[in-house]
Structures are given as C-alpha cells and as structure tokens.
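Both ligands and their constituent atoms are indexed starting at 1 by order of listing.
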Amino acid sequence: MKIIMATWRNTVFWGLPLLLLMLVGVCSSVCVEVPSGTEAVQGHNMTLLCISCMQREEVFAVTNVEWFYQPRNGNRSLIFEYNEGKPRELLSPFKGRLQWIGSKDLQDVSLILHNVTITDSGRFICNVNRTLHFEAHQHSTTSNVEINLIVSEIEREDFTSVLSEIMMYILLAFLTLWLLIEVVYCYRKISKAEEVTQESVTDYLAIPSENKENCPVPVEEQ
Ligand SMILES: *[C@@H]1O[C@H](CO)[C@@H](O)[C@H](O)[C@H]1NC(C)=O
Ligand SMILES: *[C@@H]1O[C@H](CO)[C@@H](O)[C@H](O)[C@H]1NC(C)=O
Ligand SMILES: *[C@@H]1O[C@H](CO)[C@@H](O)[C@H](O)[C@H]1NC(C)=O
Ligand SMILES: *[C@@H]1O[C@H](CO)[C@@H](O)[C@H](O)[C@H]1NC(C)=O
C-alpha cells in the first residue's frame, strides 16, 4: 500500500509538470483553435479566447482584429480593435475593463474582461481580418469567433465540488456502517455457535465451521 501511494504521489508530482511541459512544447509549435469558455462569474475576470491560426506562416501577413458585443435584444457594437499593431478600446460599457492578451504573431487575439457584471451577458464576436502579402498580389481572409457569454452570480464549480465531497463522506460513512453491521453479525453468530458448542461438546467441530461459511448472510433471530 505504501509503495502504491508513493508511486501515485511521484506520478502526480513529476508526471503533471512533465505533461504540462509537453503540452507547452506542442502548443508553441502548433496552433490549435481552442474554443473559449462561455461561463463567467460576477466580479471575476474572464478570458475571451479567440484563436485564429495562420494557414501560411511563411507569408508576410497584416492582421487586424475587431471585437464586437451584441446584447440579447440589440445591435452589435465595436468595443475593441487591434489595428496597425496597436490595441484600442472603444467607448462602451466595457471601457477600462478590457485587456489585450494577444500573442505577438497574432494567432491568439484574446481579451481579458475584468470584473464581470451580470449585464455583461451576451454575444462577443471576434473578427480577424488577415491580409497575406504575396510577391505579386495580396489576399485577405477573415474569420469569426462567437462567444455566448453567460454570467452567473456564484461560482457553479464550487458547488459541484462541495457536493461531490459531501457524497464521498456519505459513501465513506455508509461503507463503515455496513462493515460494522457485518462485524457485529459475525460476532453474534460466532458467540451463539460457541454457546451451542458449550452445550453439546460432541458437535464442537461441525458447527463453528458451518457457521463461519454463512457469516455474511444475516441470521434469522428467534
Ligand atoms: C482580475 O484582474 C485584476 C487586474 O489584473 C486583478 O487585480 C484581480 O485580482 C483579478 N481578479 C480575480 C478575481 O482574479
Ligand atoms: C438596431 O439597428 C437598427 C438599424 O440600424 C435600428 O433601426 C434599431 O433601432 C437598432 N436597435 C437597437 C436596439 O438599437
Ligand atoms: C467591480 O464592479 C463593481 C460594480 O461595477 C464595483 O463596485 C467594484 O468596485 C469593481 N471592482 C473592481 C476591483 O474594480
Ligand atoms: C480586411 O482588410 C483589408 C485590408 O485592410 C480590406 O481591404 C478588407 O476589406 C478587409 N475585409 C473585411 C471583411 O473587413
């Protein structure tokens, strides 16, 4: 048991960082268009993830980014843009709370929305316009990412983790109780068998072994 625990601990302590290192290694060389999370918590910071991978990395490209916000019953409006190498926040309810965290190669053009409020719920649209400059001509590509943000007042994950912890304790208590009942049944059966053996010494060998075999089965009380 000790050896198993030690092995498990070693796997967690050394395996996890190694795995993360491998993932980082993979991520830095290969672009993956990971979808953004859509659930935010009031008062927390939310990453609005937008990744637009380049198909032709060897070609010189100019990337412009526009972030729009569209409330549930309204028109979309520009809230942030990245133009000619400069991030710019526009006048909107989000002004002062948006932070550009895009990568240098502009494959990752994500934002952080600070201090999320309930009224931030709605659709965020990330529009990436990339102009590829070939020797004789240029070619534009655009991509769209939509994030339907849902803001909740409390952290839902906390609740589920607490619930699973409670379930674990209930299960543990249940198992302990079951084991205890089993032990009590066995003890009573054996002591009963011993009473019988004391009365009839001739059956001494036969009864206890028979009783031991039937131990897990509850005894019918007379
Ligand atoms: C949100 O971001 C701000 C600024 O970076 C930081 O000071 C604050 O601690 C963050 N809040 C949470 C809940 O992570
Ligand atoms: C949305 O835009 C249309 C056309 O520009 C306009 O008529 C309408 O009033 C706008 N709606 C809202 C909620 O701003
Ligand atoms: C977050 O927003 C609320 C309501 O808009 C405000 O009262 C609070 O001071 C803000 N917190 C931070 C850390 O900016
Ligand atoms: C993308 O950018 C190029 C160059 O600035 C522009 O000509 C083109 O119209 C843009 N495309 C879209 C869909 O905005």
Side-chain angles (χ1 to χ4, degrees), residues 16-17 20 23-24 27 31 33-165:
L16 209 67
L20 285 175
L23 270 171
V24 167
C27 284
C31 179
E33 293 185 355
V34 185
S36 176
T38 58
E39 285 178 30
V41 182
Q42 190 179 24
H44 287 218
N45 300 333
M46 175 75 191
T47 300
L48 301 166
L49 199 67
C50 178
I51 295 168
S52 171
C53 294
M54 272 193 251
Q55 268 81 45
R56 302 282 299 271
E57 279 179 70
E58 75 281 6
V59 176
F60 176 72
V62 173
T63 305
N64 289 325
V65 183
E66 291 169 318
W67 274 93
F68 297 91
Y69 172 70
Q70 183 174 17
R72 206 159 295 152
N73 304 305
N75 295 325
R76 65 166 61 180
S77 59
L78 190 64
I79 58 167
F80 196 97
E81 65 180 4
Y82 187 95
N83 244 328
E84 292 158 358
K86 284 191 213 81
R88 190 165 77 95
E89 252 185 306
L90 284 99
L91 200 65
S92 77
F94 305 100
K95 186 151 171 71
R97 292 193 290 138
L98 293 172
Q99 183 192 349
W100 172 261
I101 52 160
S103 63
K104 222 170 183 175
D105 63 4
L106 297 175
Q107 294 197 96
D108 181 353
V109 296
S110 305
L111 296 177
I112 292 181
L113 175 57
H114 288 284
N115 196 12
V116 176
T117 67
I118 288 292
T119 50
D120 291 346
S121 289
R123 184 178 298 171
F124 289 83
I125 301 127
C126 163
N127 199 330
V128 179
N129 178 357
R130 192 166 279 140
T131 308
L132 306 170
H133 290 261
F134 297 95
E135 271 176 35
H137 70 291
Q138 59 188 53
H139 172 69
S140 280
T141 60
T142 59
S143 65
N144 263 290
V145 171
E146 290 194 11
I147 303 162
N148 284 304
L149 196 73
I150 300 158
V151 181
S152 55
E153 280 176 47
I154 49 147
E155 207 159 0
R156 220 177 300 175
E157 263 174 4
D158 256 5
F159 178 69
T160 42
S161 73
V162 164
L163 201 74
S164 68
E165 205 170 317

If you compare all heavy atoms of [X] against all heavy atoms of [Y], which two are closest, and at what distance to 0.1 Å?
X      : Y      : value
Val59  : His133 : CG1-O, 3.5 Å
Arg130 : Thr63  : NE-OG1, 3.1 Å
Val34  : Leu49  : O-CD2, 3.7 Å

Problem set entry | Closer than 4.0 Å: a protein non-hydrogen atom to atom 14 (O) of ligand 2 |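 Looking at atom 14 (O) of ligand 2, one finds that a protein heavy atom does lie closer than 4.0 Å.
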Quick one: nearest non-hydrogen protein atom to [atom], plus distance?
atom                   : result
atom 7 (O) of ligand 4 : Ser140 OG, 4.8 Å
atom 5 (O) of ligand 4 : Asn64 ND2, 4.2 Å
atom 1 (C) of ligand 2 : Asn75 ND2, 1.4 Å
atom 4 (C) of ligand 4 : Thr131 OG1, 3.7 Å
atom 9 (O) of ligand 4 : Asn129 ND2, 4.7 Å

For this session: To the nearest 0.5 angstrom, please state how far the CG atom of Asn129 sits from the CD atom of Glu66.
Result: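 So the CG of Asn129 and the CD of Glu66 are separated by 7.5 Å.
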For this session: Between Asn115, Asn45, Val41, flag the one that comes closest to atom 10 (C) of ligand 1 by a heavy atom.
Result: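 Among Asn115, Asn45, Val41, the closest heavy atom to atom 10 (C) of ligand 1 comes from Asn45.
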Problem set entry | The single option from Asn115, Thr119, Ile118, Val116 passing side chain to side chain contact (heavy atoms under 4.5 Å, CB included) against Gln42 |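 Considering Asn115, Thr119, Ile118, Val116, a side chain to side chain contact (heavy atoms under 4.5 Å, CB included) with Gln42 is found only for Ile118.
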For this session: For the residue pair Tyr69 and Phe94, categorise the inter-ring angle as parallel (less than 30°), tilted (30 to 60°) or perpendicular (more than 60°).
Result: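 Because their plane-to-plane angle is over 60°, the rings of Tyr69 and Phe94 count as perpendicular.
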Exercise. Any donor-acceptor pair under 3.5 Å linking the side chain of Glu81 with the backbone of Asn64?
Worked result: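 Absent.
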Problem set entry | Which of the ligand 4 atoms, numbered from 1, are nearer than 4.0 Å to a heavy atom of Thr142 |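 So the atoms of ligand 4 that pass are 12 (C), 13 (C).
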Exercise. Going by distance only, is there an N or O of His114 that falls short of 3.5 Å from an N or O of ligand 1?
Worked result: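 His114 vs ligand 1: N/O contact under 3.5 Å present.
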